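Model, not experiment: these values are computed from the prediction. Labels below follow one simple rule: chain letters A, B, ... track the order of the sequence lines, proteins then strands, and each chain is numbered from 1.
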Number of protein chains: 2
Amino acid sequence: MTEPQLGRQLLAAHRTLAAELVVELEERGWPELRASQASLVLNVDRRSGTRLTELARRAGVTKQAMMVVVDELEVRGFVRRTPDPDDGRAKVVRLTARGRTLGAECRRAVAAVEARTRRTLGGRRYEGLREALDLLLETEEETA
Amino acid sequence: MTEPQLGRQLLAAHRTLAAELVVELEERGWPELRASQASLVLNVDRRSGTRLTELARRAGVTKQAMMVVVDELEVRGFVRRTPDPDDGRAKVVRLTARGRTLGAECRRAVAAVEARTRRTLGGRRYEGLREALDLLLETEEETA
DNA sequence: GATGACCGTCAGGTTCGTTGACTTCCCGAG
DNA sequence: CTCGGGAAGTCAACGAACCTGACGGTCATC
């Protein structure tokens, strides 16, 4: 009975943090923005832009999954795809001006959520949590 | 950049544990059983059965969500719904004989996953993880 | 130059969950 | 005693975040 709770708690905690981030963004005037989208914005290199595959790698998901998020962000004008001059197959995802503004806001929102989490947990437990998750996923990766 | 990783890691860790549980169950001869289903089986009171709403409450989800899982388990003969003698509205979810056998297997599978997790994390970190999650979700609940 | 690997894409699925809108039934207050 | 609020289970529709598989171009190398 104890362990399925762990799995569930992990999911619940994920949802909680994601929801908090969304609220934080809303309060800052960026409504209808989801955590996955904010996360993507933060992963695009501000200067040179970043390829889709690289974004997927950073986020630890498939390129198909990442493409959906890029699509959404592109429609809303936060990001645009430009052909990669060095590679005809590739496209580079870049932030628009609006996207850069959003990026700044996202960093603040993320910091706020992190600070709140850290406060309710205490610094020690917070660090412990991060460490445990790092370890868990790292060793999973190796076995895979 | 640091925090959105936390949220994502929580999700990834959830998927990992759920997948491990499924594999564990498969290896024990119970294929095509998902983590949510196993979790439900473990939450049904072995003697008296449990109402749908109560199951939903225990799992921290809506009764609609819980109903789906009960439906699946009922179709496969692990569980059945009987009218509650004390309340004409309610039905009691009970394990069938096959369901009880599955329950025992689930407990073992869960224990195996837990043991493996504990081993990769170390007892100290494992306990810390659980504690952190408890705290995180508990205080979330209060604010809600 | 053919061959295999790689980039982005399209199409379709899966898992776990949600909100909203009933119907049926319980219960307590007027 | 009825009658109105509320709770139990259900039906339907949807959402978020993923996945696998299959392709058409492009690169890079042999």
Side-chain angles (χ1 to χ4, degrees), chain A residues 4-5 7-19 21-22 32-40 49-57 59-74 79-94 137 144, chain B residues 4-5 7-22 25 32-40 49-75 79-93 144:
Chain A
Q5 296 304 14
R8 202 188 288 287
Q9 282 179 322
L10 288 164
L11 180 56
H14 162 260
R15 286 197 208 283
T16 297
L17 291 197
L21 184 57
V22 168
E32 291 170 43
L33 207 69
R34 284 165 301 145
S36 60
Q37 296 171 335
S39 173
L40 169 53
T50 310
R51 307 228 281 227
L52 178 65
T53 305
E54 171 61 16
L55 288 171
R57 200 199 52 75
V61 301
T62 60
K63 49 188 181 170
Q64 292 93 324
M66 189 48 71
M67 208 182 45
V68 172
V69 184
V70 172
D71 283 347
E72 293 162 350
L73 252 24
E74 190 170 38
V79 123
R80 81 175 171 278
R81 277 178 248 228
T82 58
D84 186 331
D86 301 341
D87 189 335
R89 300 167 295 180
K91 295 176 186 173
V92 178
V93 176
R94 291 171 184 283
L137 296 171
Chain B
Q5 297 304 14
R8 203 182 285 289
Q9 282 178 323
L10 288 164
L11 180 57
H14 160 259
R15 286 197 209 284
T16 296
L17 291 197
E20 282 184 20
L21 183 57
V22 167
L25 253 3
E32 290 171 44
L33 207 70
R34 284 167 300 147
S36 60
Q37 297 171 333
S39 173
L40 169 53
T50 310
R51 288 196 201 175
L52 178 66
T53 305
E54 172 61 17
L55 289 171
R57 200 197 53 73
R58 287 184 194 172
V61 301
T62 60
K63 49 188 181 170
Q64 292 94 321
M66 189 49 70
M67 207 182 46
V68 172
V69 185
V70 172
D71 283 348
E72 294 162 348
L73 253 24
E74 190 170 37
V75 164
V79 123
R80 78 175 174 278
R81 279 178 247 230
T82 58
D84 186 331
D86 301 342
D87 190 334
R89 298 168 296 179
K91 295 175 186 175
V92 178
V93 176

May I ask you to verify if any side-chain N or O of B:T62 is less than 4.0 angstrom from the OP1 or OP2 atom of C:dG17?
->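 No, B:T62 has no side-chain N/O under 4.0 Å of OP1/OP2 on C:dG17.
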Describe the nucleic acid contact of B:A65 in one word from base, sugar-phosphate, nothing, applying a heavy-atom distance below 4.0 Å.
->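 Base contact.
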Counting C-beta onward and ignoring hydrogens, is there a side-chain heavy-atom pair between [X] and [Y] closer than 4.5 Å?
{"X": "B:T50", "Y": "B:V92", "result": "no"}
{"X": "B:R57", "Y": "B:T53", "result": "no"}
{"X": "A:Q37", "Y": "A:E72", "result": "yes"}

Nucleotide nearest [X] when distance is taken to its side chain, options [options]:
{"X": "A:S36", "options": "C:dT9, D:dA17, D:dC18", "result": "D:dA17"}
{"X": "A:L52", "options": "C:dC16, D:dC18, C:dG8", "result": "C:dG8"}
{"X": "A:R51", "options": "D:dC19, C:dG17, C:dG8", "result": "C:dG8"}

Any donor-acceptor pair under 3.5 Å joining the side chain of B:R89 to the base of D:dA7?
->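 In this structure, the two groups form a donor-acceptor pair.
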Whole angstrom is fine here: how far is it from [atom1] in [X] over to [atom2] in [N]?
{"X": "A:R34", "N": "D:dC14", "atom1": "CZ", "atom2": "C1'", "answer": "13 Å"}
{"X": "B:L73", "N": "C:dT15", "atom1": "CG", "atom2": "P", "answer": "14 Å"}
{"X": "A:L55", "N": "C:dC7", "atom1": "CG", "atom2": "C1'", "answer": "13 Å"}
{"X": "B:D87", "N": "C:dC26", "atom1": "CG", "atom2": "C1'", "answer": "6 Å"}
{"X": "A:D71", "N": "C:dC10", "atom1": "CG", "atom2": "P", "answer": "7 Å"}
{"X": "B:R15", "N": "C:dG17", "atom1": "CZ", "atom2": "C1'", "answer": "12 Å"}
{"X": "A:K63", "N": "D:dG21", "atom1": "NZ", "atom2": "P", "answer": "13 Å"}
{"X": "B:H14", "N": "D:dC19", "atom1": "NE2", "atom2": "P", "answer": "14 Å"}

Of B:V92 and A:G60, whose nearest nucleotide on DNA chain D comes first from the 5' end?
->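 It is B:V92 whose nearest nucleotide is closer to the 5' end.
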A:T53 or B:Q64: which one's nearest nucleotide on DNA chain C is closer to the 5' end?
-> A:T53
Stepwise side-chain contact (heavy atoms from CB on, under 4.5 Å) test for B:Q64 and B:M67 = CA-CA 5 Å; B:Q64 292 94 321; B:M67 207 182 46; 5.6 Å; no
Between A:M66 and A:L40, what is the shortest heavy-atom contact and its length?
-> SD-CD1, 3.9 Å
